[in-house]
Amino acid sequence: MDKQARPKILIVDDKPENLYAMEKLFQQMDVEVIQSSSGSEALNLALEHDFCVAIVDIQMPEMDGYELVELLRSNEDTASLPVIFVSAIYSDEYHHRKAYETGAVDFMSKPFVPEILLSKIRVFVDLYQQRQALQAANLVLSKRALQLETSSQVSQQVSSILNLDELLTSVVKLIQAKFRYYFVSVWLLNEQQDTVALRASSGHDGSQLVEMALSLDSPRSIIVLVCRTGQYYVADDVSADPVYLAVQELPETHSELALPLQVGPKLLGALDIQSERPAVFSPEDIAVLQMLASQIAIAMQNAQLYHNLARFNEELESLVQQRTEELDRAYHMLARVDKTKSDFIAVAAHELRTPLTLIQGYASLLQTMFQNTPNAGALVEGILTGETRLLEIVNSMLDITRIDAQALKVHRDSTRLSMIVDSVRREFEAALLDRQLTLNVTGIDTLPVIQADMDLLGKLLGHLIGNAIKYTPDGGAISVRGRVISRGSPDPSGDCVEILVSDTGIGIDPDHHDMIFEKFYQTGSVRLHSSGRTKFKGGGPGLGLAIARGIVQAHGGRIWVESPGHDEQTCPGSCFHVLLPISAPQSLSQ
Ligand code: ADP
């Protein structure tokens, strides 16, 4: 629609002098007057032009004014054209009425007062102009609605697609199809920011361009210019634009708009739009497309971030897998080494037991033979003591072999813990005396009878009390306490007993509280060992607590230690807790 065109008026009269007079009259108005000397010519003109009013003479040869207006009314395109009849001869009431029935909006008889005709015409011109303005506003509104709808569609798409290529392809297709542009494309800058390459495109016929890249030094190309300046550029007529770079595949391009794709200060590339019509990009269009370009740029950055994150995840995953495999290998190697060690202990213990038994036999024989010989008895006694200690160690080695192989046999019987504690106390009587240590036993007598292996519990308490003696300086105190721990259920068979072996010794660093239960684990340096079963800090093979744990676990119980720390000056002491179920079998592991 041509907004600048003046409103048009059609005058129909077979007399040239009348036409001339009318034309003269309308010169003072800003209108275009088109004359017609016959009804048939007027019909054609009415189809061709958009008139705001027609002034029709009634008396004309061939087709009179009434016939002309009837024909105008019968055609959809001309039906609403307002008509003013003018007549000199039939100015009576009858003709007035006939004129209105035919569809005229007004009637004037000749001679008419020019001012009256002019004022009537002005009303129609005003009406016409208002209608035109309304139509124009309507057009703009529907265009804006389409633009907004497209923007929201693009926003939806861009926020849901995280794959960059997929995102750009869908965006160019959408913009091209919705706005009916000739060609839409997205160009991205490379990392060095010296080249811009085509990444996605969509043409009016569904065509796409492939593989195009432009150096940022190129003197021609609107896209390059936008990537250099970061400002949008519009060429209303590309043939007259010095920057425009013609592309063979796009011969119809008449105007081009390129917009920067930018997030903050970072320029990612350009959105390029081409049209086959000149000067199509209005400031409003550019504003909408700029908004779209910034949404696309943000979505591109999101896609890039997502891509980076996915890559980082992949790298992390492969690193974790690599480390897991390494750990797995190390674990298997350790397991092999552990097995070799266990095998060696088993073999060594078995091999040592036979000669030890022999030595014990012969030493006992010698003891009988030399019992009356001065000094010799004491010597043989020494051999026997050493041999007994050796046998204990070998037995410990065998115990740990069984525990490792999960072959420790538990012969459960009704067991009174006080009997076991008494027998262990007797075993260490001499050592306690020698080291001036006191051993207090409380609450053990009143403990209920439990289902347990007496021999194994003897070994367990032997190791715990033996350690308490070993790691407590002379003159210290050891205590063995017992209590029942109720599990709160009405059936007391679910309860358990707790035995606490505590001392006033050197204590254990909390960092070692778990590790001391591993076999061969010793907190001090092995080289500082002084040997001996009950000597202060006398080293052992590092098997006692591993065996103790094996025995407790085989009974379905738990063992742990509490100690504020290791200090040989202040001697904070340690307390070993043993929890055993009263009736077997059940696990107390929490
Ligand atoms: P070992 O033969 O060395 O005594 P154990 O398995 O019996 O082996 O004990 C492991 C380590 O735990 C010991 O070397 C010692 O460092 C520590 N330990 C055990 N019992 C006590 C205790 N009552 N007081 C302080 N340290 C202890």
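Using modelled atom types, one finds no donor on one side chain facing an acceptor on the other under 3.5 Å when comparing E315 with N313.
Interatomic distance, CG of L43 versus CG of L68, reported as 5.0 Å (0.5 Å rounding). D338 CG to F520 CZ: the interatomic distance, rounded to the nearest 0.5 Å, is 8.5 Å. The CG atom of L188 sits 6.0 Å away from the CG atom of L168 when rounded to the nearest 0.5 Å. If you take CD1 on I273 and CZ on F183, they are separated by 11.5 Å, rounding to the nearest 0.5 Å. Separating the CZ atom in R180 from the OG atom in S275 is a distance of 12.5 Å, to the nearest 0.5 Å. Atoms CG and OG, from D14 and S36 in turn, are 10.0 Å apart once rounded to the nearest 0.5 Å.
More than 12 heavy atoms of other residues, nucleotides or ligands lie within 6.0 Å of CD in E48, so this atom counts as buried by the packing criterion. Within a 6.0 Å sphere centred on CZ of F517, other residues, nucleotides and ligands contribute more than 12 heavy atoms. Within 6.0 Å of the CD atom in Q406, the count of heavy atoms belonging to other residues, nucleotides or ligands does not exceed 12. At most 12 heavy atoms of other shown residues, nucleotides or ligands fall within 6.0 angstrom of atom CD in E62.
Taking 4.5 Å as the limit, some side-chain heavy atom of C52 sits within range of a side-chain heavy atom of I9. Between V53 and V125, the closest side-chain pair of non-hydrogen atoms is not below 4.5 Å. The shortest distance between side-chain heavy atoms of Q59 and D64 does not fall below 4.5 Å. Taking 4.5 Å as the limit, some side-chain heavy atom of T78 sits within range of a side-chain heavy atom of L47. The shortest distance between side-chain heavy atoms of W187 and C227 does not fall below 4.5 Å. Side-chain atoms of T195 and L189, non-hydrogen and from C-beta on, never get closer than 4.5 Å to each other. Under the 4.5 Å side-chain criterion, counting only non-hydrogen atoms from C-beta, E256 is not in contact with V234. Inter-residue side-chain proximity for V86 and V56 is flagged as unmet; no heavy-atom pair is nearer than 4.5 Å.
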Using distance only, find each side-chain donor-acceptor pair of residues 20-31 under 3.5 Å and give its atom names and separation, not counting sequence neighbours.
unit_1 : atom_1 : unit_2 : atom_2 : d
E23    : OE1    : Q35    : NE2    : 2.3
Q28    : NE2    : L25    : O      : 3.3

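Closest heavy-atom contact between L259 and A293: CB-CB, 4.2 Å. G507 and P572 make their closest contact through CA-CG, 4.2 Å (heavy atoms, listed as atom of the first residue, atom of the second, distance).
When atom types are taken as modelled, the side chain of S255 and the backbone of P278 share no donor-acceptor pair closer than 3.5 angstrom. A donor-acceptor pair under 3.5 Å is formed between the side chain of E41 and the backbone N or O of S37. A donor-acceptor pair under 3.5 Å links the side-chain atoms of D285 to the main chain of S282, judged by distance alone. In this structure, R228 contributes its side chain and L216 its backbone to a donor-acceptor pair below 3.5 Å. No side-chain donor-acceptor contact under 3.5 Å links S218 to the backbone of R220. Checking side-chain atoms of R131 against main-chain N and O of D126 turns up no donor-acceptor pair under 3.5 Å.
A salt bridge does not link R549 with D514: every distance from a Lys NZ or Arg NE/NH1/NH2 to an Asp or Glu carboxylate oxygen is 4.0 Å or more. Salt bridge status for R311 with E314: absent, with no side-chain N to carboxylate O gap under 4.0 Å. Ion pairing between a basic and an acidic side chain is recognised when a charged N comes within 4.0 Å of a carboxylate O; K339 and D404 show no such pairing. By the 4.0 Å N-to-carboxylate-O rule, D50 lies too far from K8 to be salt-bridged with it.
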Derivation and outcome, ring pair (Phe, Tyr, Trp, His ring centres under 6.0 Å), residues Y66 and F85: CA-CA 9 Å; Y66 298 133; F85 278 131; 5.4 Å; yes
Trace of the side-chain contact (heavy atoms from CB on, under 4.5 Å) decision for V172 with S201: CA-CA 6 Å; V172 291; S201 64; 5.5 Å; no
Salt bridge (Lys or Arg N to Asp or Glu O under 4.0 Å) between E326 and R323, intermediate numbers included: CA-CA 5 Å; E326 279 172 18; R323 291 284 180 275; 3.7 Å; yes
Full working for ring pair (Phe, Tyr, Trp, His ring centres under 6.0 Å) between F281 and Y181: CA-CA 11 Å; F281 302 106; Y181 288 124; 5.6 Å; yes
V12/M60 under side-chain contact (heavy atoms from CB on, under 4.5 Å): CA gap, chis, key distance, verdict: CA-CA 9 Å; V12 192; M60 287 188 293; 3.8 Å; yes
From CA spacing to verdict: side-chain contact (heavy atoms from CB on, under 4.5 Å), E32, H49: CA-CA 11 Å; E32 186 182 343; H49 298 268; 5.5 Å; no
Worked verdict on I55 versus L10 for side-chain contact (heavy atoms from CB on, under 4.5 Å): CA-CA 6 Å; I55 302 163; L10 175 65; over 6 Å; no
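Under the 30°/60° scheme for interplanar angles, the aromatic rings of H204 and Y182 are found to be tilted.
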